[in-house]
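See below for the structure under consideration.
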Amino acid sequence: MNILDKIVVDKRKETDLRKSLIPVSQLENSVLFARETVSLGKALRNSSTGIIAEHKRRSPSKSEINQGLNVQDVARGYENAGVCGMSVLTDGKYFGGSLDDLLLARASVRLPLLRKEFIIDEYQIIEARAHGADVILLIAAILSKEEIKTFSELAKSLDLDVLLEVHNEAELQKSIMPSLDMLGVNNRNLKTFEVSLDTSKSLSKLIPDEFVKVSESGISSIEAIKNLKPYGYQGFLIGENFMKTDNPGENAKEFIKQLS
Ligand SMILES: O=P(O)(O)OC[C@@H](O)[C@@H](O)c1c[nH]c2ccccc12
C-alpha cells in the first residue's frame, strides 16, 4: 500500500470515531458555524503576490519541520506579512496537526483559513466550518467524481470556498466542475513524494480560465514564483520553506517584500 492509501484507511477510522462522539447537530450549533466566511479565491484574484502560507509541523516526507512554535504566533506572523490566506494542517497522525490548531488560528487572525485535510466524508466539511475554516481542500487522487461533486456542493452551500487538488491530467479531467473555486496543482506526488514544478507548468494549459490556479508544494524561491506566473498561476501554497525557520511570519514578510 502506498502512503496515501494508508492515510485514507486511517482517516476513515478516525472520522467514524469522531462521528460517533460528536453529532452533526452539535457542530451546527457552534458559534463559528454561524460566522461569515471570507473568500480565498477573491483574495487571490485581487493580489499581485498570491501567497498562501501553511502551518505544518511535520509530514510523511519530512519527519521534523518545526515542532517548537505556537500556531497563534505563526498565524499572526503570516497575517502581518501580508499573505492572502493560511493553510492549517489538521491531520494528527501524519502531519502533527489538529482541529484545535485551526480553532486557534481562527481566534488569532481574520485571514481566509484553509482546512488542510484528507477529506473523505461530508462530516469533515461540517467540522471544518465549525472550527473556523473558510476553504476546504479536496484531493482528486482519493475521491471519485461523484464525491468531488457532492462534497464541493455541500461546501458551497455552507459558504466555503473549494480548492481542488490534482497531480496529473486524468485527475484534472475528472474533476472540472462549476462547484470548484480554485484548482491546485500539487507539485509533489503524494504517493512517491517526488517534487517537480514542471507539473504546474504542464497542467496549467488544461485548467479553464474561470478557476483560480494555485501551485502547491516545493516552492522555495522568488524565482520559482516568477517562473510560474506566466503560466497563469495566481496562488502559491508554501509550507516548509517558511515553517523550517524560527520565525515563519518574518520569513514570509521578507519573501513577499521581495516579490512585490
Ligand atoms: O511544504 P511545501 O512543500 O511548501 O508544501 C505545502 C503544501 O503544498 C503541502 O503541504 C500539501 C499539498 N497538498 C497536500 C495535501 C495533504 C497534505 C499536505 C499537502
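All ligand and atom numbering here is 1-based and tracks the order in the structure. When a residue number appears, it is its place in the shown sequence, counting from 1. Since the model is a prediction, treat every value here as computed from it, not as a measurement.
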Q: Using distance alone, decide if ligand 1 has a nitrogen or oxygen within less than 3.5 Å of any nitrogen or oxygen in Gly218.
A: yes
Q | pair Leu197-Asn227: side-chain heavy atoms closer than 4.5 Å | A | no
Q. Charged N to carboxylate O under 4.0 angstrom, Asp181 versus Lys156?
A. yes
Q.
Among all the protein's non-hydrogen atoms, which is closest to atom 19 (C) of ligand 1, and how far away is it?
A. Lys116 NZ, 3.0 Å
Q: Using distance alone, decide if ligand 1 has a nitrogen or oxygen within less than 3.5 Å of any nitrogen or oxygen in Gly239.
A: yes
**Q.** Protein heavy atom at shortest distance from atom 6 (C) of ligand 1
**A.** Glu54 OE2, 3.4 Å
Q: Give yes if a backbone or side-chain nitrogen or oxygen of Asn241 is under 3.5 Å from a nitrogen or oxygen of ligand 1, and no if not.
A: no
**Q.** Distance from atom 13 (N) of ligand 1 to nearest protein heavy atom, with residue and atom
**A.** Glu165 OE1, 2.7 Å
Q: Could you tell me the separation between the CG atom of Asn168 and the CG atom of Asn186, rounded to the nearest 0.5 Å?
A: 11.0 Å
Q. Once you round to the nearest 0.5 Å, how far does CZ of Phe151 lie from CD1 of Ile139?
A. 12.0 Å
(Q) Any atom of ligand 1 sitting under 4.0 Å from a heavy atom of Arg188? (A) yes
Q: Starting from atom 1 (O) of ligand 1, locate the nearest protein heavy atom and write down its residue, its atom name and how far away it is, to 0.1 Å.
A: Glu240 N, 2.7 Å
Q | Per-residue contact class, Met243 against ligand 1 - non-hydrogen pairs under 4.0 Å | A | neither
**Q.** Glu14: salt bridge (charged side-chain N to carboxylate O under 4.0 Å, His left out) partners, not counting sequence neighbours
**A.** Lys11, Arg18
**Q.** Residues Lys253 and Asn80: side-chain donor-acceptor under 3.5 angstrom
**A.** yes
Q. Atom 17 (C) of ligand 1: which protein heavy atom is closest, and how many Å away?
A. Phe95 CZ, 3.5 Å
Q: Answer whether the closest heavy-atom distance between the side chains of Ile148 and Leu164 falls below 4.5 Å.
A: yes
(Q) Which option wins on minimum heavy-atom distance to atom 16 (C) of ligand 1: Phe193, Phe242, Tyr94, Phe118? (A) Phe118
Q. Can you find a heavy atom in the side chain of Leu163 that is under 4.5 Å from one in the side chain of Leu40?
A. no
**Q.** Heavy atom of the protein closest to atom 8 (O) of ligand 1 (residue, atom name, distance)
**A.** Ser217 OG, 2.7 Å
Q: Could you tell me which non-hydrogen atom of Lys56 sits nearest to which non-hydrogen atom of Phe95, and how far apart they are?
A: CD-CD2, 4.1 Å
Q) For ligand 1, which atoms have a heavy atom of Ile238 less than 4.0 angstrom away? A) 4 (O)
